[in-house]
Structures are given as structure tokens and as C-alpha cells.
Amino acid sequence: MKPIRALLAAALLAATAAHAAPLKTDAAHSSVSAVFKQMNVPVEAKFKTFTAQIDYDAAKPEASKATVDIATASMDLGDAEYNREVAKKEWFNTAQFPKASFVSTSIKPAGAGKLNVAGKLTIKGKTADVAFPLTVKAQGKQQVFEGQLPIKRLAFNIGEGEWKDTSMVADEVVIKFRVTAGQ
């Protein structure tokens, strides 16, 4: 009976070891930003605070998972007055909705160093299905995940009231991200 228990224990240990552990995000080499046009001039605003939880196995990308949470109040437009403005109810309403989040539902290989990612994006209490291409490359002992996710801000009620007018701030926004993570 002891050999069978030992064999079962070894099999369980091997199965546990074969599953990749979640990667640790290297915040110093990661970034998330939003690019949009204001009065037809491109603007890039960085989010200073976000977390990414990535469970990635290059050998089995379809078994991978990712979750990203962004502190909406951390949006930095480069001016304190603008930063206070986007925190207001008409924009992100950071008091009621302190974070935006993405949770993957599917990650599929799309060629060498490329993945197609689908998931749920929630901003300001509104959730939508989204999909985007992602590149992944090894950098030393870390993985670098880069992508861009185009959205329509009005679909998430970003810019209410007079700010629904897209002649001042365009409806199209591109969320750009680079997440560096490793064991």
C-alpha cells in the first residue's frame, strides 16, 4: 500500500509543479495608458496605479488567465486640474467607481509571440465583452505582454452631460498596456 501512496503523492506533486505559478508584475517596467483626441489633438494619459495578475504558460496559452485592475483616480493627464476633472461624476466618478477591471475569458495562440485575448472589461459599472491581439516576448527571465484595446468611451458613460459631445473629446479611446512579469 505504501508504494501506491508514494506513487500517488509523486503524481500529485508532478501535476502541481507542471502548472505555472502566477507571474509577479514588475511595476517599474509596466505601464497602462489611455490615448484619445481632445479637440482633434492626441493626448496620452497614464494610469499611475494598477495591478495585473497573470497566470501564463507558454506551452499551454489557452489555459492562461489574466486580470488587470486600474485605479481610475490614478489617471494622470499631466495637470492637477485636469486630473481632478476626470475624477468627477461626469467622467470616471472615482468616488463611486474607484477601479476599472479586465478579466480574461479566453487566451488563444495566434502565431509566434502572438495571442488573441477575449474578456470582460468593466469601467464605471458598465461591463462589455472585448477582444484584442497581444504580443508576448521573453526578456531575460521575464515575459513582456503588450497590446492595445480600442474602446468607445460613451459605451462606458465616460463623459456624461455636456461631455457626451464628441466634438471636444473623441469617443474613440485606445487603452495601451505593457506588462512585464516573471516568476
Side-chain angles (χ1 to χ4, degrees), residues 22-23 25-27 29-56 64-108 110 114-136 144-181:
L23 302 176
T25 302
D26 179 352
H29 295 100
S30 300
S31 62
V32 177
S33 63
V35 180
F36 57 93
K37 288 187 178 179
Q38 183 172 348
M39 297 188 320
N40 215 27
V41 175
V43 174
E44 184 167 0
K46 296 192 182 297
F47 289 95
K48 292 181 176 181
T49 306
F50 64 92
T51 59
Q53 297 172 336
I54 301 170
D55 190 349
Y56 177 70
S64 301
K65 296 181 217 166
T67 301
V68 179
D69 291 319
I70 301 168
T72 54
S74 75
M75 184 179 218
D76 185 6
L77 286 153
D79 180 276
E81 185 178 335
Y82 292 157
N83 294 348
R84 284 190 296 275
E85 181 65 32
V86 296
K88 291 181 179 177
K89 184 178 188 262
E90 295 80 12
W91 292 101
F92 280 109
N93 192 1
T94 61
Q96 187 175 352
F97 303 103
K99 74 176 182 175
S101 64
F102 170 79
V103 177
S104 68
T105 55
S106 167
I107 299 176
K108 296 180 180 174
K114 297 180 181 179
L115 301 169
N116 286 325
V117 179
K120 304 274 185 194
L121 178 65
T122 303
I123 304 173
K124 206 173 175 184
K126 302 284 183 191
T127 301
D129 291 320
V130 297
F132 55 92
L134 177 76
T135 62
V136 59
V144 178
F145 302 89
E146 287 186 283
Q148 296 185 9
L149 170 59
I151 65 166
K152 302 279 188 176
R153 69 176 175 88
L154 294 177
F156 296 94
N157 291 335
I158 301 170
E160 295 182 45
E162 68 180 294
W163 294 109
K164 280 188 176 183
D165 178 3
T166 58
S167 67
M168 290 292 287
V169 178
D171 192 20
E172 295 79 18
V173 176
V174 176
I175 301 168
K176 292 174 40 176
F177 58 90
R178 174 187 170 94
V179 177
T180 303

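All values below were derived from every heavy atom in this structure, side-chain atoms included, with hydrogens, water molecules and symmetry-related copies excluded.
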A.B. asks: Answer yes or no: is there a side-chain heavy-atom contact under 4.5 Å between Arg178 and Ser31?
C.D. replies: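 Yes - at least one pair of side-chain heavy atoms lies under 4.5 Å apart.
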A.B. asks: Can you check whether Asn116 reaches Leu134 side chain to side chain, under 4.5 Å on heavy atoms?
C.D. replies: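 The answer is no; the side chains never approach within 4.5 Å.
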A.B. asks: Can you give me every donor-acceptor pair (side chain of residues 169-177, partner residue at least two apart or in another chain, under 3.5 Å) with its distance?
C.D. replies:
unit_1, atom_1, unit_2, atom_2, d
Asp171, OD1, Arg153, N, 3.1
Asp171, OD1, Leu154, N, 2.9
Glu172, OE2, Lys152, NZ, 2.9

A.B. asks: So does Ala181 get a backbone contact from the side chain of Thr25, meaning a donor-acceptor N/O pair under 3.5 Å?
C.D. replies: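 No, Thr25 side chain to Ala181 backbone: no donor-acceptor pair under 3.5 Å.
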A.B. asks: Is it the case that the side chain of Ser30 and the backbone of Thr180 share a donor-acceptor pair, with hydrogens and angles ignored and the cut-off at 3.5 Å?
C.D. replies: yes
A.B. asks: Using modelled atom types only, decide if a donor and an acceptor are shared between the side chain of Ser74 and the backbone of Thr49 within a distance under 3.5 Å.
C.D. replies: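 The answer is yes, because a donor-acceptor pair under 3.5 Å joins these two groups.
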A.B. asks: Can any side-chain N or O of Ser33 pair as donor or acceptor with the backbone N or O of Lys46 at less than 3.5 Å?
C.D. replies: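 No, Ser33 side chain to Lys46 backbone: no donor-acceptor pair under 3.5 Å.
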A.B. asks: Any donor and acceptor pair, going by atom type alone, linking the side chain of Asp55 with main-chain N or O of Lys65 inside 3.5 Å?
C.D. replies: no
A.B. asks: Once ring pair (Phe, Tyr, Trp, His ring centres under 6.0 Å) is applied, do any residues pair with Phe145, and if so which ones, sequence neighbours excluded?
C.D. replies: Tyr56
A.B. asks: Tell me if a side-chain donor or acceptor on Thr94 pairs with a main-chain N or O of Ala73 at a distance below 3.5 Å.
C.D. replies: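 The answer is no, because no donor-acceptor pair under 3.5 Å joins these two groups.
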A.B. asks: Going by side-chain hydrogen bond (donor to acceptor under 3.5 Å, both in side chains), Asn93 matches just one of Gln96, Lys89, Glu90. Which one?
C.D. replies: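 Testing each of Gln96, Lys89, Glu90 against Asn93, the sole residue satisfying side-chain hydrogen bond (donor to acceptor under 3.5 Å, both in side chains) is Gln96.
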A.B. asks: Which heavy-atom pair separates Ala71 from Phe47 by the least distance, and what is that distance?
C.D. replies: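 So the minimum-distance heavy-atom pair works out to O-CD2, 3.9 Å.
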A.B. asks: Fit a plane to each ring of Trp163 and Trp91, take the angle between them on a 0 to 90° scale, and name the class: parallel (under 30°), tilted (30 to 60°) or perpendicular (over 60°).
C.D. replies: tilted
A.B. asks: Could you check whether any side-chain heavy atom of Val43 comes within less than 4.5 Å of a side-chain heavy atom of Val35, counting everything from C-beta outward?
C.D. replies: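 They are not in contact (no side-chain heavy atoms under 4.5 Å apart), so the answer is no.
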A.B. asks: Would a 4.5 Å heavy-atom cut-off, applied to side chains only, mark Ile151 and Leu149 as touching?
C.D. replies: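 Yes, their side chains come closer than 4.5 Å.
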A.B. asks: Check Thr72 against Ala100 and note the closest heavy-atom contact, atom names and distance.
C.D. replies: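 Closest approach of Thr72 to Ala100: CG2-N, 3.8 Å.
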A.B. asks: Salt bridge check, Lys88 against Glu160: does any charged N sit closer than 4.0 Å to a carboxylate O?
C.D. replies: no
A.B. asks: Looking at every heavy atom in both Ala45 and Phe36, which two are closest together, and how far apart are they?
C.D. replies: CB-CE2, 4.4 Å
A.B. asks: Assess whether side chain to side chain contact (heavy atoms under 4.5 Å, CB included) is satisfied between Asn83 and Met75, documenting all intermediate values.
C.D. replies: CA-CA 7 Å; Asn83 294 348; Met75 184 179 218; 5.7 Å; no
A.B. asks: Is Phe97 atom CZ crowded by more than 12 heavy atoms from other residues, nucleotides or ligands, each under 6.0 Å away?
C.D. replies: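 Yes.
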A.B. asks: What about the rings of Phe132 and Phe102, do their centers lie closer together than 6.0 Å?
C.D. replies: yes
A.B. asks: Could Asp69 and Lys99 be called an ion pair, given the rule that one side-chain N must be under 4.0 Å from one carboxylate O?
C.D. replies: yes
A.B. asks: Should Leu121 and Thr127 count as side-chain neighbours, where that means a heavy-atom distance under 4.5 Å?
C.D. replies: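 Leu121 does not reach Thr127 side chain to side chain.
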